[in-house]
Amino acid sequence: MKNDNFMTLTIPSRSANEAFARMAVAAFVAQLDPTVEELCDIKTAVSEAVTNCIVHAYRDTIGRIYIQGRIDDRRITVRIRDKGCGIPDVEKAMEPLFTTGTGAEERAGLGFAVMQAMMDRVKVTSAVGKGTTVLLQKRLSDRGDGDDRKDRP
């Protein structure tokens, strides 16, 4: 059975909302009965993308983070978008250990590398002064259509 569905969520770029975004996407994906590893991978990638919005896109202000999730059969697509400062050099920003943080706020610079390790596809588009979109995709293993729980004891 083909299982298509979608969700949208808009949140302020406050640190407290990172966990909410992660759990909202996890709850959405749960309808497909993913493995624990698949669910953890998706949650981690979403956390990294949302944290990038909070820390980098809206560095000194609160802006909006737009999250869209889509299920096409067993492929999950999550799009996380901001209208923040943008990334001048996406290729450079995606290099492991690259960070724009300085001094006490310096970061590890592993966010995009973590996303790429957890997901099948990561695509980043950005325009300086206009914002950034991170597209995350993962195909879940075949475990049925997620509706077999009713047959369990």
Side-chain angles (χ1 to χ4, degrees), residues 1-59 61-87 90-91 93-96 98-101 105 107-127 130-150 152:
M1 178 179 110
K2 191 167 177 146
N3 189 356
D4 296 337
N5 201 358
F6 68 93
M7 55 136 317
T8 60
L9 176 67
T10 303
I11 57 173
S13 61
R14 299 184 191 282
S15 292
N17 287 334
E18 177 272 327
F20 172 67
R22 177 180 65 235
M23 295 310 291
V25 172
F28 176 68
V29 172
Q31 65 190 284
L32 293 179
D33 194 23
T35 66
V36 171
E37 182 179 356
E38 290 168 336
L39 194 56
C40 286
D41 287 352
I42 293 165
K43 287 168 54 177
T44 300
V46 168
S47 289
E48 292 294 336
V50 170
T51 298
N52 279 352
C53 296
I54 294 166
V55 172
H56 300 291
Y58 298 117
R59 184 175 300 270
T61 187
I62 300 295
R64 291 188 176 164
I65 300 171
Y66 306 90
I67 302 169
Q68 296 175 310
R70 178 167 294 284
I71 294 171
D72 293 307
D73 197 18
R74 296 205 44 90
R75 187 182 70 222
I76 307 300
T77 302
V78 181
R79 181 173 281 114
I80 299 165
R81 181 174 60 92
D82 65 65
K83 293 182 180 180
C85 64
I87 303 171
V90 170
E91 190 174 319
M94 292 185 75
E95 290 177 8
F98 177 82
T99 182
T100 59
E105 71 168 18
R107 313 294 278 193
L110 294 173
F112 287 127
V114 169
M115 287 181 237
Q116 289 172 317
M118 302 291 168
M119 303 300 285
D120 297 334
R121 180 175 182 225
V122 176
K123 181 179 178 189
V124 180
T125 55
S126 191
K130 295 186 178 183
T132 300
T133 299
V134 175
L135 177 85
L136 306 168
Q137 287 185 325
K138 187 171 193 75
R139 177 163 293 283
L140 301 182
S141 58
D142 287 327
R143 291 173 38 127
D145 63 8
D147 290 333
D148 61 344
R149 287 177 262 221
K150 63 184 174 254
R152 296 180 189 163

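In this structure Thr133 satisfies the side-chain hydrogen bond (donor to acceptor under 3.5 Å, both in side chains) test with no other residue, sequence neighbours excluded. Remark: Ala45 pairs with Met115, Met118, Met119, Leu136 by the side chain to side chain contact (heavy atoms under 4.5 Å, CB included) rule, at least two apart or across chains. Residues meeting the salt bridge (charged side-chain N to carboxylate O under 4.0 Å, His left out) test with Arg139, sequence neighbours left out: none. For Lys138, the side-chain hydrogen bond (donor to acceptor under 3.5 Å, both in side chains) partners two or more places apart in sequence, or in a different chain, are Asp41. Applying the side chain to side chain contact (heavy atoms under 4.5 Å, CB included) criterion to Ala26, with sequence neighbours excluded, gives Leu39, Lys43. Under the side chain to side chain contact (heavy atoms under 4.5 Å, CB included) criterion, Gln68 pairs with Thr8, Arg79, sequence neighbours left out. With sequence neighbours excluded, the residues satisfying side chain to side chain contact (heavy atoms under 4.5 Å, CB included) with Thr10 are Arg64, Tyr66.
A 4.5 Å side-chain heavy-atom check between Val29 and Leu140 finds at least one atom pair inside the cut-off. By the 4.5 Å heavy-atom criterion applied to side chains, Asn5 and Phe28 are counted as neighbours. Between Ile54 and Ile65, the closest side-chain pair of non-hydrogen atoms falls below 4.5 Å. The shortest side-chain heavy-atom distance between Ile42 and Pro34 does not fall under the 4.5 Å cut-off.
Interatomic distance, SG of Cys53 versus CG of Asn17, reported as 11.5 Å (0.5 Å rounding). Atom CD1 of Ile76 sits about 7.5 Å away from atom CZ of Arg74, to the nearest 0.5 Å. Separation of atoms CD1 (Ile62) and OG (Ser15) is listed at 7.5 Å; rounding is to 0.5 Å.
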Residue pair Val122, Leu135: steps toward the side-chain contact (heavy atoms from CB on, under 4.5 Å) verdict: CA-CA 6 Å; Val122 176; Leu135 177 85; over 6 Å; no

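For the pair Leu9 and Ala24, the tightest heavy-atom approach, listed with the atom from each and the gap, is CD2-CB, 3.9 Å. Nearest approach of Ser126 to Ile87, heavy atoms of both residues: OG-N, 2.7 Å.
With respect to Thr77, the side-chain hydrogen bond (donor to acceptor under 3.5 Å, both in side chains) criterion is satisfied by exactly one of Gln137, Arg121, Arg70: Gln137.
The salt bridge (charged side-chain N to carboxylate O under 4.0 Å, His left out) analysis of residues 6-21, with sequence neighbours excluded, yields the pairs Glu18-Arg22.
At least one donor-acceptor pair under 3.5 Å links the side chain of Asp4 to the backbone N or O of Asp73. In this structure, Asp82 contributes its side chain and Thr132 its backbone to a donor-acceptor pair below 3.5 Å.
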